[in-house]
Amino acid sequence: MDRIFSGVQPSGNLHLGNYLGAIRNFVRLQEQYECIYCVVDMHAITVWQDPKELRHNIRELTAAFIAAGLDPTKNVIMNQSQNSHHAELAWIFNCVARLGWLNRMTQFKEKAGKNRENASVGLYAYPNLMAADILAYKATHVPVGEDQKQHLELCRDIAQKFNNDFGVDLFPIVEPLILGPATRVMSLRDGSSKMSKSDPSDNSRINLTDDADAIAQKLRRARTDPEPLPSEPDGLDGRPEAANLVGIFAALADSSVEEVLREHGGSLFSDFKNALTEIAVAKLGPIGAEMQRLVADPAYIDGVLADGAVRARALSEPVMAEVFETVGFVRT
Ligand code: AQP
């Protein structure tokens, strides 16, 4: 049976890119698949997290999942550290994946930056843990944004090597699901870098918790070029900031770039930004408000995570029994 797994890091500043590239698609997929959605707290600590903020961010992200429309009774909603199978399988994958494979991961290079020697070992081994997250449940499909494509290819390589090395057909070869017109939302300040939680400029992103005034202000200040909007998509070539805003509009309106340009081609950015603000506030406002309401009830959130952890362990338990048997571990 097809099974979905996907995760988001509780590293704060949950933004429009996380929503359009990932969380919104999670909601759509819950109708068709058995889904496990994970707050990947162990991934978050690959870079420094203040413990108090981390606790808050885990609950806030869980609230965002639910506020965006995920049904905790229909899906498994859990946090990674509450099912130790993720860490156990990650260790086995540390022994399957090759150094050469990890050396090619562009996200590590970007996140470690110039000071590579000082990056945590966890940041380097991150893709092995991500493969374990997915394969501990034998998930078959993983909805993600474009930026995660390389990590998913590594997950496929790990599954294949494990199966080959041990002569088994234990792990599925997962398929990425990169859905919708906003698979890579770019920074509002720079159309060549992706919108990201860790960008030091808050004006670079729209946070899910931003109120209407903040959204309006950030979009008003968003970088654009002096030309009006084109009427055809090829008129966006070489105009990354314009392409980004049009892509965001299309995604929020559940429309397409072509359709948005048919309606707004020839408009000045000042007018287009007003229209974009209106739709962004209409779509994100209710999610932000519901997140706030849920975060104010940590007992409810913790209950959802506790239930999710029990259900998650029940799914990964038989997979791990098979893995331990295959590897040759003695379990008494
Ligand atoms: N800009 C984006 N556009 C579309 N999708 C995006 N995603 C992230 N940024 C964009 C998707 O969101 C999901 C969760 O991401 P994550 O929390 O695991 O971490 P990330 O990809 O590293 O996201 P950030 O926000 O950019 O964090 P930092 O700043 O820490 O690197 C994934 O499915 C991702 O594709």
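In listed order, ligands and their atoms are each counted from 1. For this chain, numbers begin at 1 and follow the sequence in order.
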Can you classify the ring geometry of Phe26 versus Tyr37 as parallel (below 30°), tilted (30 to 60°) or perpendicular (above 60°)?
parallel
Atoms of ligand 1 under 4.0 Å from any heavy atom of Gly21, numbered from 1 in the order shown, are 4 (C), 5 (N)
Suppose we measure from atom 17 (O) of ligand 1 to each protein heavy atom; which comes out shortest, and what is that distance?
Lys197 NZ, 2.3 Å
Start with the C-alpha distance between Arg184 and Asp147, add both sets of side-chain angles, then the distance that settles salt bridge (charged side-chain N to carboxylate O under 4.0 Å, His left out), and finish with yes or no.
CA-CA 7 Å; Arg184 190 170 172 82; Asp147 59 321; 5.5 Å; no
Asn207 and its side chain to side chain contact (heavy atoms under 4.5 Å, CB included) partner, picked from Leu14, Asp202, Ile215:
Asp202
Is it the case that ligand 1 has an N or O less than 3.5 angstrom from some N or O of Asp199?
no
Nearest heavy atom to atom 35 (O) of ligand 1 wins, so pick from Ile248, Asp147, Val144.
Asp147
Going by the order shown, which atoms of ligand 1 are within less than 4.0 Å of some heavy atom of Ala22?
12 (O), 13 (C), 33 (O)
Which residue and non-hydrogen atom of the protein lie closest to atom 19 (O) of ligand 1, and at what distance in Å?
Gln9 NE2, 3.3 Å
Quick one: do the Glu322 and Thr326 side chains pair a donor with an acceptor below 3.5 Å?
no
So is there a nitrogen or oxygen of His15 less than 3.5 Å from a nitrogen or oxygen in ligand 1?
yes
Which atoms of ligand 1 sit under 4.0 Å from any heavy atom of Arg184?
3 (N), 4 (C)
Backbone or side chain, does any N or O of Asn18 fall under 3.5 Å from an N or O of ligand 1?
yes
Taking only heavy atoms of Gly145, which atoms of ligand 1 are found under 4.0 Å from at least one of them?
5 (N), 33 (O), 34 (C), 35 (O)
Under a 4.0 angstrom heavy-atom cut-off, which atoms of ligand 1 come close to Ser198?
28 (P), 29 (O), 30 (O)
Candidates Ser196, Gly17, Ala44; heavy atom nearest atom 10 (C) of ligand 1 found on Gly17
The atoms of ligand 1 lying under 4.0 Å from a heavy atom of Thr183, numbered in the order shown, are 3 (N), 4 (C), 5 (N)
So does Glu31 pair up with Lys74, basic N to acidic O under 4.0 Å?
yes
For ligand 1, which atoms, with element, lie under 4.0 Å from some heavy atom of Lys194?
1 (N), 8 (C), 9 (N), 20 (P), 21 (O), 22 (O), 23 (O), 24 (P), 26 (O)
Within the distance-only criterion (no hydrogens, no angle test), does the side chain of Asp302 pair as donor or acceptor with the backbone N or O of Ala299 below 3.5 angstrom?
no
Atom 22 (O) of ligand 1: which of Met130, Lys111, Glu110, Arg205 has the nearest heavy atom?
Lys111
Considering both backbone and side-chain atoms of Gly7, is one of its nitrogen or oxygen atoms within less than 3.5 Å of a nitrogen or oxygen in ligand 1?
no
Protein residue, atom and distance nearest to atom 3 (N) of ligand 1, heavy-atom basis:
Val185 N, 2.8 Å
Tell me whether Gln107 has any N or O atom under 3.5 angstrom from an N or O of ligand 1.
no
Hydrogens and angles aside, do Asp199 and Ser201 bring a side-chain donor and acceptor to less than 3.5 Å of each other?
no
Quick check: does Met195 get an N/O under 3.5 Å from an N/O on ligand 1?
yes
Would a hydrophobic clustering, with Ile, Leu, Val, Met, Phe, Trp and Tyr connected at side-chain separations under 4.5 Å, put Leu245 with Leu229?
yes
Are Tyr124 and Asn103 linked by a side-chain donor-acceptor pair shorter than 3.5 Å?
yes
Is a donor on one side and an acceptor on the other found under 3.5 Å between the side chain of Gln80 and the backbone of His86?
no
